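Here the structure comes first, spelled out in structure tokens, and everything after it is commentary.
Predicted, not measured: the structure shown is a model, and the values here were computed from it. Both ligands and their constituent atoms are indexed starting at 1 by order of listing.
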Amino acid sequence: MGMPVQFAKFLWPLPWTLLGLVAGLAGLLTGGRARRRGPVIEFYGGAVARLLARIPNRPMAMTLGHVIVGTSAAALDTVRRHELVHVRQYERWGPAFVPVYLFYSVRLWLAGKNAYRDNPFEIEAYRES
Ligand SMILES: [Zn+2]
């Protein structure tokens, strides 16, 4: 793959990556840690773990562009393959990823389905991880 394509993949989801970096920085300032794994920076512990605990379903990790935030290093190891599918989804959808994801979730919820498990982005992530 050529450099321009690689660069576009990095640039396209950058707004969400920046949000992830802000969350990660808050984590670092409160005792959390960071590490690079392949195409992503992972943050875990500190305020990052407390933030995840406030989200419905209390996820072990969440992907924001090229950042994955997790409750702990072990949690990130458990869910990395799944979250890397979301990274590729961010590379495809860019700034639209989160709005489109939430649109599906609301539509599924209104239809009486599971807003998380029935979300096509999650179905793809569970199938490929
Ligand atoms: Zn997922």
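Aromatic ring pairs are classed by plane angle as parallel below 30°, tilted from 30° to 60° and perpendicular above 60°; the pair His86 and Phe97 is tilted. Relative ring orientation between Phe121 and Trp93 is described as perpendicular, the plane-to-plane angle rising above 60° on a 0-90° scale split at 30° and 60°.
Aromatic ring centres of Tyr126 and His82 lie closer together than 6.0 Å.
Rounded to the nearest 10 degrees, the angle NE2 (His82) to the Zn ion (ligand 1) to NE2 (His86) equals 100°.
Within the 2.8 Å limit, Glu83 places no N, O or S atom next to the Zn ion (ligand 1).
Atoms OH and OH, on Tyr90 and Tyr101 in that order, are 9.0 Å from each other to the nearest 0.5 Å.
The nearest N/O/S atom of Glu122 to the Zn ion (ligand 1) is OE1.
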